[in-house]
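Everything numeric in this text was worked out from a predicted model, so none of it was measured. Protein chains get the first letters and strands the later ones, always in sequence-line order, with residue 1 at the start of each.
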Amino acid sequence: MTDSTVNPPAVLIDRCICRNRSFADLLPEARARSWSLADLIRETGCGGQCGLCRPYLRVMLANGRTAFTELLPMEPA
Amino acid sequence: MIEVTRETGAAGPPPSPPVKAGWLTGINRPGPLTLLAITVGWVGIYFAYQESWLGVILALLCTVGGFWATHRGRLLAGRHRARLEAAIAASVARNRELELLRRLGSTLLDVQNSRELLDQVVQLSANLLLAEGAAIMLVAEEGRFLRVAAGAGLLGSAGGSLLPIDKSLAGCAVLNDESITSDDMERDPRNFSIDTLPPQLDRAVCVPLRSSGVVIGAACAYNRFDGEVFDEHDVALLGALGEQVAVGLDRATMLEETRRNEKELASKNRELVRVTKLKDEFLANMSHELRTPLNAIIGFSEMLMMPGIGTLDEQQRDFLESIARNGRHLLGLINNILDLSKIEAGRMTVHLTRVDLRESIQGAVTDTGSLRSAKRQEASIDFGTEPLLVVADHTRVRQVLINLLSNASKFTPEGGTVSLSALRTPVPLPIPTDRAGDKPRLASRDAVWVSVQDSGIGIQPEDMGKLFQVFSQVDSSSTRQQQGSGLGLALCKQFVEMHGGTIGAESIYGGGSTFWFILPVDGPIRQPG
């Protein structure tokens, strides 16, 4: 058996790396409880460790995207 | 004369029955003298009737005889009475002694600590020997002294004082292991006057106390209330008491020791519970604290390898892969340790769903593909045709499969094969017991049997028993060929057993191994209650 991945994107950012939780996993919970970004960081810890996923989480909460193939500019801590 | 015996009967104490005066007791049978006096009297009356002097003489004789007989009768009765009184007094004393010894017996059984036991016993021995003072002394200070363990009467305040073992009567009894009496302690060469004992002690009896053949001290009584000397009877009494005291002391000491041990155990138990709780808390915290930075290490090294981030040369890519690989290995170890500690703490739960083992097996084979491709190993899967649905925890089943597959790859040389087969079949499986410690029964249940066979080095028969033990590695030498924490198979065993299944292995040394596990189709049997 061989592992095959078809045309991997150049960049795929779809998770909070520190907490190892995917955006797809976080979104329904955030929606169900109407979390703001601060709520989400407080409740799950995602975005609160290294902070690199914070801009992606902000977009996710705004328009529901859970996978990013482009890099967003880092937010100041 | 009859009155006499009745009187003595009335003099006895309530417990002793009155002495009966019957026809056959010698005291009320008319003696020959009385009969003679009566005969002479009648003859005298006859002669007096005949107006003969002889009658007067006989009457005088009869009177003298009567007086003498009465006097002698009184004398005999007095002696008899004295004998009876002595016998009654002895029986009263005996009764008292028996009563005291009986109380001693119940004291020895009731009392829970040796302090109280000694205090009560020493009081009893003073009462028993009608003595002004009594003491129980135990050997102390490596046999050089006797310590007054308890005192009563004159020695009531002597408790705790030390007597040199070679300069005291009690010490003499201990050293020679024999009972001794002294009628004048002041002049007794075996005794030296000691300040710690009251000066009015005059007469003494000391008996050694023996515990399992060793003299451990002495029981002593001083000065009889009636001023008499202590006799053999007193020695025997005190000796009898001493024997029982030694037994009682042993018992009390043992009880105290048991209680002390119990207390110690209880405190150790509390400590253990505390430590276990600490460990659990520590692990719960660590699971979070350890995983977060590891996630970052693994996640970011993987991200760095994404082409969109930037270009890497061969060397940089190798280094990054090494970081990611080792990070994943460490994460796996940490997860295993945390899982095991969760199981040990009884907090591991299985989330049962309907799981298709075909999918799980396929997924696990795909996930471990990189391991095999690195060693150019072949994998074969034999599913059969039947559906392989079981009620199980998907994550745990996957963990077991991945563990067995990666083990198989690890121990199979380059170019070897790993074959996996699964089959639905009825199997005897253990049924949970109602009570802990009962032998589990076996019952035939529908199950899926999964085996992973490798063409590796195999396992020596003597090592088979160690396979599923925590932290055990068949080759635990520092130069061993294969890595591993020794946790994987132990975890597999726990997971499979949580599903009500069994796990095992067969191997021919040098000819490869087969690891198998069986999962019941309808999941674990819940214990009632």
- Query: Nearest 0.5 Å, what's the CG-CZ distance between B/Asn295 and A/Arg21?
  - Reply: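 Reported to 0.5 Å precision, the distance equals 12.0 Å.
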- Reported CD1-to-SG distance for the pair B/Ile297 and A/Cys18, which is rounded to 0.5 angstrom: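 So the gap between those two atoms works out to 10.5 Å.
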More than 12 non-hydrogen atoms from neighbouring residues, nucleotides or ligands closer than 6.0 Å to [atom1] on [X], yes or no?
X        : atom1 : value
A/Leu72  : CG    : yes
B/Lys279 : NZ    : yes
B/Gln316 : CD    : yes
A/Glu70  : CD    : yes

- Is any side-chain heavy atom of B/Met303 less than 4.5 Å from a side-chain heavy atom of A/Ile13?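 In contact.
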- Item | Contact summary for B/Met306 and A/Leu12, nearest pair of heavy atoms |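 In this case the closest contact between B/Met306 and A/Leu12 is CE-O, 3.1 Å.
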- Task: Would you name the heavy atoms of B/Ile309 and A/Val11 that are closest together and state the gap between them?
- Result: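 Shortest heavy-atom separation between B/Ile309 and A/Val11 comes out as N-CG2, 3.8 Å.
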- Task: Tell me, for A/Cys50 versus chain B, whether the close heavy atoms (under 4.5 Å) come from the side chain, the backbone, both or neither.
- Result: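 Side chain only.
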- Worked check of side chain to side chain contact (heavy atoms under 4.5 Å, CB included) between A/Arg19 and B/Thr292: CA-CA 6 Å; A/Arg19 302 286 164 179; B/Thr292 307; 3.6 Å; yes
